[in-house]
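This report refers to the structure that appears directly beneath it.
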Protein chains: 2
Amino acid sequence: MATVQISEAEWQVMNLLWHQQPLTAQEVIAALGEKNGWAVSTVKTMLHRLVKKGVLRFDQQGTRYVYSPRVRRADCVRDESRSFLKRVFAGEPATLLAHFLKTSRLSADEIADLRRILDQQEERS
Amino acid sequence: MATVQISEAEWQVMNLLWHQQPLTAQEVIAALGEKNGWAVSTVKTMLHRLVKKGVLRFDQQGTRYVYSPRVRRADCVRDESRSFLKRVFAGEPATLLAHFLKTSRLSADEIADLRRILDQQEERS
DNA sequence: AGGGGCCGTTTACGGTTGTAATCCGAGTGT
DNA sequence: ACACTCGGATTACAACCGTAAACGGCCCCT
């Protein structure tokens with residue numbers, strides 16, 4: 001999919017809408033406005049831009065719009081992850097993984113899960 | 001340390017200088033210019049901006065400057081990683097780790113290393 | 001001494017981002 | 001009908017970014 005650039009602030013909006021959709025501008029504002037100290041217009045601008053970028057769409061719902069994602073979160077995560085991996089860890093996933101493994105506090109369950117994934121990785125190679 | 005924003009393109013310059021320092025503008029251009037299709041002036045601009053941002057410094061070396069990092073790579077990696085983690089993975093390291101574990105091709109050695117880190121993680125908890 | 005080069009500095013310019021205020025049309029209460 | 005309000009659309013504006021040309025000084029060759 002054509003990958004548009006989603007900015008820091010816009011990610012918050014997208015994350016919300018990936019979580020629950022569709023939402024009206026009001027609902028987005030209610031969910032994110034205060035938390036970020038965003039003015040009403042600020043959120044409206046972001047919704048507008050996201051629509052223009054093609055990652056959100058809106059449907060007329062009576063007098064107002066409801067917004068929903070047009071792109072899958074997984075795709076955006078993939079793109080953003082690739083870019084980050086390349087920029088900060090020279091494209092070396094092992095380095096990235098080591099970094100986050102070392103700097104994160106993980107629960108026993110999480111560690112177990114990660115081990116399991118590693119096992120599967122191993123099988124595949 | 002006060003965290004300045006290092007842009008995509010600037011990361012490449014910083015990565016080079018973290019790798020070997022100090023370097024003249026010429027050396028930076030030699031290393032990155034062609035690879036990125038950057039004009040000489042482009043690289044000069046980036047060096048200039050990085051100095052202004054306080055992440056690079058220069059020392060007069062005869063008639064020209066040599067540039068070196070003023071901030072530690074580890075600090076920038078930490079900041080950038082935090083921001084990425086928060087933006088894309090809702091601040092959940094386990095989710096991030098799972099993602100990269102699943103989508104990366106890892107060698108047997110790398111997998112072994114990561115296991116070892118996981119073991120240490122476990123001990124600490 | 002004059003012309004090139006090389007090098008750092010300044011200026012340029014369009015696009016993106018954060019952050020909003022303002023505008024305008026439609027529905028609503030009186 | 002008329003003022004008011006709510007919601008989307010338009011306009012604003014500074015900082016940052018990618019990308020680079022133009023400028024001005026210093027050193028070297030002829």
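In what follows, chains are A, B, ... by sequence order, proteins preceding strands, each numbered from 1.
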**Q.** Distance below 4.0 Å between B:Trp38 side-chain N/O and D:dT19 OP1 or OP2
**A.** yes

Q. So, is B:Lys53 near the phosphate of D:dC17, with a side-chain N or O under 4.0 Å from OP1 or OP2?
A. yes

Q: Tell me what B:Gly37 touches on the nucleic acid: a base, only sugar-phosphate, or nothing, going by heavy atoms under 4.0 Å.
A: sugar-phosphate

Q) Base, sugar-phosphate, or nothing for B:Tyr65, non-hydrogen atoms under 4.0 angstrom? A) sugar-phosphate

(Q) So, does A:Gln26 get its side chain near the phosphate of D:dG7, meaning an N or O under 4.0 Å from OP1 or OP2? (A) yes

Q) Charged N to carboxylate O below 4.0 Å: is that the case for B:Asp59 and B:Arg64? A) no

**Q.** Polar side-chain atom of A:Gln121 near backbone of B:Ser104 as donor-acceptor pair, under 3.5 Å
**A.** yes

**Q.** Contact interval (first through last nucleotide) of DNA chain C with protein chain B, 4.0 Å heavy-atom
**A.** C:dC7 to C:dA12

Q: May I have the distance from A:Arg57 (atom CZ) to D:dG8 (atom C1'), rounded to whole angstrom?
A: 18 Å

Q) With a 4.0 Å cut-off, would you call B:Glu8 and A:Arg87 a salt bridge? A) yes

**Q.** Exam field: side chain A:Glu123 to backbone A:Gln120, donor-acceptor pair closer than 3.5 Å
**A.** no

Q) Hey, does B:Thr45 reach any base, or is it just sugar-phosphate, or nothing, if we go heavy atoms under 4.0 Å? A) base

**Q.** Rounded distance (Å) that lies between atom P of D:dT11 and atom NE2 of A:His48
**A.** 10 Å

(Q) Taking only side-chain N and O atoms of B:Ser41, does any of them lie within less than 4.0 angstrom of OP1 or OP2 on D:dA22? (A) no

Q.
Can you measure B:Glu10 atom CD to D:dC16 atom P for me and round it to whole angstrom units?
A. 10 Å

Q: Provide, to the nearest angstrom, the distance between the CG atom belonging to A:Leu56 and the P atom belonging to D:dG8.
A: 13 Å

Q: Determine, using the 4.5 Å side-chain heavy-atom cutoff (strictly less than), whether B:Val66 and B:Met46 are members of one ILVMFWY cluster.
A: no

Q) With distance as the sole test, does B:Thr103 use its side chain to make a donor-acceptor pair with the main-chain N or O of B:His99 at under 3.5 Å? A) yes

Q) Charged N to carboxylate O under 4.0 angstrom, B:Asp119 versus B:Arg116? A) no

Q: Remember a base hit wins even if backbone is also touched, and classify A:Ser7 as base, sugar-phosphate or nothing at under 4.0 Å, heavy atoms.
A: sugar-phosphate

Q: Between A:Lys44 and A:Arg49, just flag the one whose closest nucleotide in DNA chain C comes earlier from the 5' side.
A: A:Arg49

Q: Quickly work out the B:Arg64 CZ to D:dC28 P distance and round it to whole Å.
A: 11 Å

Q | Separation of D:dA15 C1' from A:Glu8 CD (nearest whole Å) | A | 16 Å

Q) In whole angstroms, how far is the P atom of D:dG25 from the CD atom of B:Gln60? A) 16 Å

